[in-house]
Amino acid sequence: MRRRTVILFAASLVAGLLKTPKKHKELPNGKTDPRFFVGSWQYTDQENRLHYLAINPDLELIIDQKPVKGNVETINAYQLIFLDALGYHLIIKANEIGPVAFFDEADNVNYSLNKAN
């Protein structure tokens with residue numbers, strides 16, 4: 001019985017190690033690589049309209065092909081916080097794979113992001 005328990009524990013440990021999610025690429029100083037957030041996505045608003053969101057290599061935020069005036073306030077492994085010209089936060093949330101959600105503080109709404117075609 002004890003041998004079976006040890007074998008099950010070892011098998012579970014190996015399976016857990018093989019399924020460990022990938023970590024964000026980190027720079028030597030421990031910060032997240034900002035290129036992780038670069039790309040194009042789409043989301044649907046509350047009125048069922050499709051919008052496009054893009055982040056270019058300079059971390060400029062573009063929504064529906066219009067640059068959003070403002071600047072990056074914070075960037076870490078799981079979010080990029082952008083402060084727009086009106087003082088509202090626009091937050092891109094990510095998981096281990098990439099950006100997955102967009103929060104607009106002005107409307108107090110979260111939108112799910114899908115990779116743009």
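- Looking at every heavy atom in both residues, Phe37 comes nearest to Ala77 through CZ-O, 4.4 Å.
- Residue Lys69 qualifies as open at atom NZ: its count of foreign heavy atoms under 6.0 Å is 12 or below.
- When hydrophobic clusters are built by joining Ile, Leu, Val, Met, Phe, Trp and Tyr residues whose side-chain heavy atoms come closer than 4.5 Å, directly or via intermediates, Val109 is grouped together with Leu53.
- Pairing each heavy atom of Pro99 with each of Leu113, the nearest pair is CB-CD1, 4.1 Å.
- Under a 3.5 Å cut-off, the side chain of Asp58 and the backbone N or O of Glu60 do not form any donor-acceptor pair.
- Between atom OH of residue Tyr111 and atom CD1 of residue Ile92 there is a gap of 12.0 Å, rounded to the nearest 0.5 Å.
- By the ring-ring contact (aromatic ring centres under 6.0 Å, His included) test, His51 pairs with Tyr43, sequence neighbours left out.
- Of all non-hydrogen atoms in Ala94 and Phe36, the two that sit nearest each other are CB-CE2, 3.6 Å.
- There is no path of hydrophobic side-chain contacts, each under 4.5 Å, that joins Trp41 to Ile91.
- In this structure, OG in Ser40 is found 9.5 Å from CG in Asn56, a value given to the nearest 0.5 Å.
- Taken to the nearest 0.5 Å, the CD atom of Gln42 stands 11.0 Å off from the CG atom of Asp64.
- For the pair Phe103 and Lys93, the tightest heavy-atom approach, listed with the atom from each and the gap, is CB-CE, 4.3 Å.
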side-chain contact (heavy atoms from CB on, under 4.5 Å) evaluation trace for Ile62 with Tyr52: CA-CA 8 Å; Ile62 301 163; Tyr52 294 93; over 6 Å; no

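- When the side chain to side chain contact (heavy atoms under 4.5 Å, CB included) test is applied to Val68, the partners found at least two apart in sequence or on another chain are Leu61, Ile63, Phe82, Asp84, Leu90.
- In plain terms, the two heavy atoms of Glu73 and His89 that are nearest each other are OE1-NE2, 2.9 Å.
- Scanning both residues, Glu96 and Tyr78, for their nearest heavy atoms gives OE2-OH, 3.4 Å.
- Among residues two or more places apart in sequence or in another chain, the salt bridge (charged side-chain N to carboxylate O under 4.0 Å, His left out) test is passed with Asp45 by Arg49.
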